[in-house]
Amino acid sequence: MWSHPQYKTVEIPDEVTAKILATIYIAAYAALYPGMSIAIWLRSSFTPFRADISDNEAVLTQESPAESAVAFSARGHFYGWYQKEADAQKDQSLPIDFTTYRDCLRNLNLAHPTASAADLEKSLYDLLNIFAHLKSLSTKSSVISRAAKFIGRPNRTYR
């Protein structure tokens, strides 16, 4: 059974932007490691659903800690529909393939997620400046500071 997420607090736009920036940063940082192939697609609208699709299965999740994920086998009836839907969503999104930017990312010398907030802010500014379409997200220093706090949260384990 699918249900709409129940939010206890409303997030302000700056907080949502900061979470997106933190996610972009962590993806870029992880792309520096050999063997990692990381790409993200930025949508212009929000959906609480997420589909992770591989050659073997599709796993659907939503933003709700009370609801578990649903998985479909690649041999199942629904898999093809979700594959088509995922492809359509990708076509409507802005892709960033960090693997193709790996050399550029190495030259940035991005700060480790456990670095100081100041180092993370500087690295985040540097990262956003190499993507022309993301530069507008770096106009508010308060959003960058908030993103740096999300990246460096002490309750996350980074290696």
Any side-chain heavy-atom pair of Y29 and H112 under 4.5 Å =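 Yes - at least one pair of side-chain heavy atoms lies under 4.5 Å apart.
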ask   = With a 4.5 Å limit on heavy-atom distance, are the side chains of I96 and L42 in contact?
value =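 Result yes, sub-4.5 Å side-chain heavy-atom pair found.
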Ignoring hydrogens, what is the shortest heavy-atom contact between [X] and [Y]? Give both atom names and the distance.
X: L110; Y: L127; result: CD2-CB, 4.3 Å
X: A147; Y: A18; result: CB-O, 3.5 Å
X: I38; Y: A27; result: CD1-O, 3.6 Å
X: H133; Y: L94; result: CD2-CD2, 2.9 Å
X: A115; Y: D119; result: CB-CB, 4.1 Å
X: E121; Y: A148; result: CG-CB, 3.6 Å

message = List the residues meeting side-chain hydrogen bond (donor to acceptor under 3.5 Å, both in side chains) with T100, not counting sequence neighbours, and say none if there are none.
response =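 Per chain and number, T100 pairs via side-chain hydrogen bond (donor to acceptor under 3.5 Å, both in side chains) with no residue.
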ask   = Excluding sequence neighbours, so at least two apart, what forms side-chain hydrogen bond (donor to acceptor under 3.5 Å, both in side chains) with K135?
value =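 K135 satisfies side-chain hydrogen bond (donor to acceptor under 3.5 Å, both in side chains) with no other residue.
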query = Taking only residues two or more places apart in sequence or in another chain, which ones pass side-chain contact (heavy atoms from CB on, under 4.5 Å) with D126?
reply =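 side-chain contact (heavy atoms from CB on, under 4.5 Å) check on D126 returns L108, K122.
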task = For Y101, check side-chain contact (heavy atoms from CB on, under 4.5 Å) against everything at least two apart and list the hits.
result =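 Residues passing side-chain contact (heavy atoms from CB on, under 4.5 Å) with Y101: L105, F131.
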Atom pair [atom1] ([X]) and [atom2] ([Y]), whose distance is rounded to the nearest 0.5 Å:
X: T114; Y: I151; atom1: OG1; atom2: CD1; result: 11.5 Å
X: S123; Y: N109; atom1: OG; atom2: CG; result: 7.0 Å
X: T17; Y: I144; atom1: OG1; atom2: CD1; result: 9.5 Å

key: Pairs meeting criterion salt bridge (charged side-chain N to carboxylate O under 4.0 Å, His left out) with involvement of residues 15-30, two or more places apart   =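 Residue pairs with at least one partner in residues 15-30: E11-K19, E15-R146.
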In terms of hydrophobic clusters joined by side-chain contacts under 4.5 Å, are [X] and [Y] together?
X: Y33; Y: I40; value: yes
X: M36; Y: F98; value: yes
X: Y125; Y: I26; value: yes

inquiry  = Going by the rule ring pair (Phe, Tyr, Trp, His ring centres under 6.0 Å), which residues pair with Y25 if we only count those two or more places apart in sequence or in a different chain?
reply    =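 Partners of Y25 under the ring pair (Phe, Tyr, Trp, His ring centres under 6.0 Å) test: none.
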